[in-house]
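Following: one structure in structure tokens, then a few remarks.
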Amino acid sequence: MVPENAGPPWCRSCGVDAVAGAAACAGCGQALDVAVAGDPLIGIVVVSSGRFLSRNVIVVGTAGDAVSLLGRGDEPVTVSAADFAGMRRVEVPAPATIGEAGRLWSASRAEAMGTIKGSWPHDRLQAIGDEFAGRDLSRRRAAAVDAIALGRQVWLPRAGLTESELSWYQARHAALRGDLREMLAWLAKLPPDGYAVRVALLLSTAAGLRADPALAALATAQLAPFEQSSPDARALRRVLGRTAADDPPAAVVEFASTLPGRWGAAAAPALAGAEAIRDRRRIPIRPRSGPAVRALDAYVAGLAGSNLNDYVALLRDLPRALLDDLVDAGALTAVPADNGIFPADLRAYLRCRLHPGRVDAAELTTAGFVAESARRHYLARDADALGGLDPADETVRHYRALLAYVRDRDRAHVDDLWPATRALVDDLSAATGEVSEQLAADRSAWPLLREAAVAGRLTVSRRVRDAHPEFASWFDVCGLTRLVYDGDWAGAVRQAGALTGTIRDWPLADEVASLAAFARWQLGEDAAALATLDAGPDAPFRAGMVLNASIIAAGRGSTDALEPLGRLSREASDRRVGNAALLRAIGLWLADDAVPDYPAPLADLVHARLANPIEDDALFLTLTKFSANNDAAWLAGASVHFVNQTQAEIMRFFQTRCRILDENRPDTLADLGQVLVPIWQRSPRPEWIARERDWLVELVLDLVHRPFGEAVGLTGVIHILLDGGVLEPGERYILSTQAGAHIAASLGDGEDIRPEAEQKLLFDPAQRWLRNDGALADPLRERVGEELARCVAIAAVSIAQSQTAVVDRLSDDYNAVVQRRQWDHANIRFLQHRQVTILDELAALAGRLGAYQALLGRLPVPEDLRELAGTVGAQATSLANEVARLRRDVLPYGR
Amino acid sequence: MGADRNPYVLLGVPFGASREQANVAFARQARALRRLGSAGRDRFTDLTWALNQIDEAIREPETVLWLYRIPFDPAVLTASGPGEFAPPPSPLPRRTADSGAALADLVRQAATEHLCDLVLEQAGRTPVPAP
């Protein structure tokens with residue numbers, strides 16, 4: 001049997017091609033027989049069922065209707081074909097084989113490896129296989145292939161085949177195993193120009209060969225002898241990359257032309273693609289088409305009119321010259337700055353070619369686009385930057401010369417100007433007389449003519465006016481401006497009237513109205529001037545017109561100016577102008593005595609501004625503070641936008657300040673103090689907080705000076721201010737002792753001031769004042785001392801009064817203990833201890849009052865309080881003496 | 001001047017003009033006033049005041065809201081279109097020469113790729129030959 005892919009006849013023995021129908025090789029004389037399968041039943045394993053058990057047996061022969069099965073014993077048994085057909089077949093796990101011997105060897109091998117159970121004698125089955133193998137050339141060839149597949153190399157010498165034939169079978173087997181290196185080693189043993197079948201073998205393994213350059217090189221060498229005769233060999237050599245002089249477009253067409261006979265209809269697009277590449281036409285893209293194929297197709301499409309902006313990924317590897325072709329053809333019109341397809345230098349180059357006005361300075365540098373750099377430096381009037389560019393570049397020299405002329409009217413380098421520019425510069429240099437048509441036609445030249453035009457040194461002919469009406473309008477506005485500069489208000493109004501209606505271009509038409517309004521304003525016609533400006537709320541917003549209207553309106557009062565300033569605040573594109581307009585509106589109102597109440601429209605503007613981010617902290621402070629002063633009820637509950645910590649602090653302070661004024665809110669002065677202190681302690685300290693500190697301290701000082709005992713509620717904020725280091729020395733003395741005095745004066749019978757508060761608010765400040773640490777100079781120190789002494793005196797008297805009830809209670813306790821000692825002798829020690837304790841308490845009180853007595857003796861107590869203060873001393877002395885006397889009574893019992 | 005005095009108008013320069021422009025305008029007008037003798041003294045005082053305002057008092061003209069603006073918008077002065085003195089950007093000229101060789105090279109690459117594509121597909125369709 002000849003396998004399906006056997007192809008044309010060829011001699012396995014020496015490898016040369018044979019003539020179709022020949023029986024033997026013309027070269028070596030060997031028969032052309034090919035390996036055959038032989039009797040297909042030979043080697044089949046079946047299950048033979050016996051009386052007691054079943055066993056596997058193998059077919060080793062057939063004759064007519066009989067089948068010979070080898071099982072136990074050396075001799076096979078014969079069964080009929082019918083009985084054999086009823087036996088169950090057993091699959092033999094083994095490599096694929098071709099012939100009868102191969103199948104028998106496979107079964108023997110499987111039985112030896114234990115993958116099937118066989119009842120036959122191993123050696124006997126091997127011998128039968130060998131016998132089949134040697135029957136004829138076809139069986140020997142099949143057996144050789146099978147022996148190699150089964151690893152039975154020892155049999156090969158018995159095949160009687162040539163070395164080259166065996167090498168071919170070895171190479172083929174290595175290919176089947178995927179061992180391409182061994183395949184190539186066996187192929188190298190073949191005659192170099194024989195065994196053309198190896199081309200098909202190499203082609204079948206092309207993917208693996210191509211992946212390994214070393215294998216590809218060996219394979220290429222194998223293919224060389226067949227390059228002339230085999231299109232496959234030629235194509236494969238090119239694919240494996242070892243061809244020399246080559247014509248790939250022709251090669252691909254040649255190979256593609258062989259495909260219709262092999263692929264059928266599927267070859268059509270492959271061949272069409274090859275021809276399109278050769279002819280540089282649009283290419284039918286296949287799923288596996290590579291980047292060069294896709295790039296070539298895109299290039300061809302671009303030149304044919306397709307826009308490739310959305311397909312730049314296809315152009316990634318195109319040479320710069322071809323990209324230039326696409327730019328020139330208008331196929332590539334945009335490359336975004338964030339394009340990640342092209343490398344940075346190429347991206348910069350393309351962007352400079354496509355949109356030079358949008359590339360940044362770094363891209364200009366990368367692309368070396370000096371001309372555009374020079375243009376930008378010229379437009380920015382940056383002579384230093386222009387000076388840094390290469391003077392050898394004629395564009396650089398042009399812009400340097402142009403800048404020198406435009407800025408300083410310096411004509412020293414006009415020879416470096418481009419001819420067209422040079423001609424205009426020459427026209428401009430005349431500066432008087434009639435304006436040339438070229439200048440009138442070039443709008444960029446008009447600003448250079450303005451000064452001469454306003455000064456009246458130029459004229460415009462009828463011909464130029466008719467040819468360039470826009471220039472004529474511009475020139476007429478210059479004339480109108482001259483009248484204004486000259487103070488010819490009536491003339492300006494007349495001239496503006498003549499121009500109105502003839503000039504419709506913006507901004508010239510508005511400039512005519514603005515100049516006319518200015519002239520009318522100077523004539524005292526404010527209402528007419530405002531009407532001329534046409535900048536009312538229903539007119540389109542033009543910042544300059546509205547601003548000019550606000551200036552005229554301001555002369556009529558803050559209310560009139562509020563509307564245009566409000567528009568500016570809301571609509572000006574320049575945020576600085578909007579902010580300035582709002583501040584001016586506030587300033588005008590504050591200066592306008594005719595409008596005492598905060599205008600609601602102005603409040604609306606302030607509210608709107610504070611509701612949006614304000615980057616300028618100073619403006620934020622101004623608006624917040626202004627609102628706190630004029631719109632406290634709103635600010636107390638406003639939702640304000642702030643952009644940083646500074647603004648958050650400002651808002652918190654002023655909102656708290658507003659809230660303490662609102663009776664419906666719980667916030668107190670102490671809350672405001674709590675907000676103020678951390679801001680005050682910040683380094684650097686915000687300037688604005690100093691004024692707010694002064695305000696708060698003055699307020700507290702004002703509130704604290706009321707009848708003693710009534711301002712106890714201020715002690716909280718005073719404590720906060722004292723602890724926060726917010727107060728000046730004089731303020732500290734006064735507020736602390738005032739707080740102490742108010743607390744003391746508010747005490748009821750038996751109540752007392754906390755010792756630490758008494759120390760902090762009364763004794764400490766008094767003693768510091770007495771030490772006079774230099775913080776206060778006279779006469780301030782004297783004034784502070786008088787008030788401090790008054791507060792301490794009031795506190796001392798108040799405490800003495802409140803403690804009278806305590807003395808009475810302790811005295812009653814003491815007397816009760818004395819009474820009890822008369823009869824309770826069992827507790828005499830306890831009662832004695834109790835007496836001592838009460839006397840200690842009374843002594844401490846006497847000591848406290850004594851301390852006040854001593855302090856007041858050193859302070860400048862006001863005249864009106866001296867007598868009252870003296871009672872404290874008397875009370876202290878009396879109490880101390882009584883305690884001393886009673887102690888003597890108690891002492892005989894011991895302590 | 002009846003309404004508020006405007007230093008730019010007094011000097012005859014556009015609103016927002018630089019100190020240099022103001023100085024030039026002042027010098028030009030002062031020369032003219034010298035020819036008038038004592039008759040031009042008041043005018044000279046006005047010009048001196050105006051120059052001082054522009055020199056010292058006006059730091060950021062864009063945010064000045066108490067002076068009438070002439071022109072009302074800077075666009076009146078600036079060029080309203082491109083031209084020799086306000087040139088628009090010009091594209092970078094092509095820096096590569098004839099693309100013929102590059103195109104031929106691309107065609108060769110594409111042909112090689114396509115050949116490889118076809119050969120590998122044919123390889124996938126080719127079995128190991130019979131022995």
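Note: hydrogens, waters and symmetry copies are ignored here, and every other heavy atom, side chains too, is used. In the text below, chain A, chain B and the rest are named by the order of the sequence lines, each starting its count at 1.
In terms of heavy-atom pairs under 4.5 Å with chain A, the best-connected choice from B:L118, B:V13, B:L120, B:L11 is B:L118. Note on B:E84, B:Q109, B:R108: by heavy-atom pairs under 4.5 Å with chain A, the leading option is B:E84. Considering only heavy-atom pairs separated by less than 4.5 Å from chain A, the leading option among B:F15, B:F85, B:Y68, B:Y8 is B:Y68. For chain A, the option among B:A101, B:P71, B:P87, B:A25 with the highest count of heavy-atom pairs below 4.5 Å is B:P87. Comparing A:A250, A:A206, A:G290, A:A441 by how many heavy-atom pairs each has under 4.5 Å with chain B, the most go to A:G290. By number of non-hydrogen pairs under 4.5 angstrom with chain B, the leading residue of A:A267, A:G487, A:G273 is A:G273. Chain B forms more heavy-atom pairs under 4.5 Å with one residue of A:D324, A:N579, A:V425 than with any other, namely A:D324.
Residues B:V9 and A:F518 meet the side-chain proximity criterion, which asks for heavy atoms closer than 4.5 Å. Contact check for A:S514 versus B:D73: no side-chain heavy atoms found under the 4.5 Å cut-off. Residues A:R375 and B:P89 are in side-chain contact: their nearest non-hydrogen atoms beyond the backbone lie under 4.5 Å apart. For the pair B:T126/A:L201, no side-chain contact is recorded, criterion being any heavy-atom separation below 4.5 Å from C-beta on. The shortest side-chain heavy-atom distance between A:R450 and B:P14 falls under the 4.5 Å cut-off.
Side-chain atoms of A:R288 come within 3.5 Å of backbone atoms of B:D117 as a donor-acceptor pair (strictly under, hydrogens ignored).
Proximity to chain B is limited to the side chain of A:E372, based on heavy atoms less than 4.5 angstrom apart. Only the side chain of A:R210 comes within less than 4.5 Å of a heavy atom of chain B; its backbone N, CA, C and O stay farther away. If you measure heavy-atom distances from A:A266 to chain B, the contacts under 4.5 Å come from the side chain alone. For a residue to count as touching a neighbouring chain, one of its non-hydrogen atoms must lie under 4.5 Å from one of that chain's; by this rule A:A200 touches chain B with backbone and side chain alike. Both the backbone and the side chain of B:E121 come within contact range of chain A, each with at least one heavy atom under 4.5 Å from a heavy atom of that chain. Proximity to chain B is limited to the side chain of A:I98, based on heavy atoms less than 4.5 angstrom apart. Using a 4.5 Å cut-off between heavy atoms, A:L259 touches chain B through its side chain atoms alone. Interface remark: A:D486 contributes no atoms to any contact with chain B (heavy atom separation under 4.5 Å). Only the side chain of A:R286 has a heavy atom closer than 4.5 Å to any heavy atom of chain B. In this structure, the portion of A:I552 lying under 4.5 Å from any heavy atom of chain B is its side chain and not its backbone. For a residue to count as touching a neighbouring chain, one of its non-hydrogen atoms must lie under 4.5 Å from one of that chain's; by this rule A:L402 touches chain B with the side chain only. Contact annotation for A:V484: both backbone and side-chain heavy atoms come within less than 4.5 Å of a heavy atom of chain B. Within the 4.5 angstrom heavy-atom criterion, only side-chain atoms of A:L448, from C-beta onward, approach chain B. Proximity to chain A is limited to the backbone of B:P88, based on heavy atoms less than 4.5 angstrom apart. If you measure heavy-atom distances from A:L568 to chain B, the contacts under 4.5 Å come from the side chain alone. For B:L67, the part lying under 4.5 angstrom from a heavy atom of chain A is the backbone only. Looking at A:D442, the atoms closer than 4.5 Å to chain B (heavy atoms on both sides) all sit in the side chain, from C-beta outward.
Taking every heavy atom of both residues into account, B:P129 and A:V197 meet most closely at CB-CG2, 3.6 Å. Closest approach of A:P249 to B:V107, counting heavy atoms only: CG-CG1, 3.8 Å. Taking all atoms of both residues into account, the shortest heavy-atom contact from A:P248 to B:T112 is CB-OG1, 3.6 Å. Counting all heavy atoms, side chain and backbone alike, B:A110 lies closest to A:I277 at O-CD1, 3.7 Å. The two residues A:S204 and B:P127 make their nearest non-hydrogen contact at CB-O, 3.8 Å. Across all non-hydrogen atoms, the minimal contact from B:V119 to A:A235 is CG2-CB, 3.6 Å.
Put simply, NE2 on B:H114 and OG on A:S289 are 7.0 Å apart, with the number rounded to the nearest 0.5 Å. The CG atom of A:N548 sits 7.5 Å away from the CD1 atom of B:I70 when rounded to the nearest 0.5 Å. For the atom pair A:R280 CZ and B:L103 CG, the distance stands at 4.5 Å (nearest 0.5 Å). Expressed to the nearest 0.5 Å, how far CG of A:D574 lies from CD of B:E62 amounts to 7.5 Å. Atom CD of B:Q122 and atom CG of A:L236 lie 10.5 Å apart (nearest 0.5 Å). In this structure, the separation between CG on B:L106 and CG on A:D317 is 9.5 Å, given to the nearest 0.5 Å.
For residues 91-99 of chain B, the interface with chain A (any heavy-atom pair closer than 4.5 Å) comprises B:P91, B:L92, B:P93, B:R94, B:R95, B:T96, B:A97, B:S99, sorted by residue number.
Because its NZ or CZ atom is not both nearer than 6.0 Å to the ring centre of B:W66 and within 45° of the ring axis, A:R584 does not count as a cation-pi partner of that residue.
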Check your understanding: Do A:Y485 and B:L10 pass the side chain to side chain contact (heavy atoms under 4.5 Å, CB included) test, and can you show the C-alpha distance, the side-chain angles, and the key distance before you say yes or no?
Key -> CA-CA 7 Å; A:Y485 285 168; B:L10 282 170; over 6 Å; no
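A salt bridge links A:E451 to B:R28: at least one charged side-chain nitrogen sits closer than 4.0 Å to a carboxylate oxygen.
Ring geometry, A:W506 versus B:F72: the interplanar angle exceeds 60°, so the pair is classed perpendicular (tilted spans 30 to 60°).
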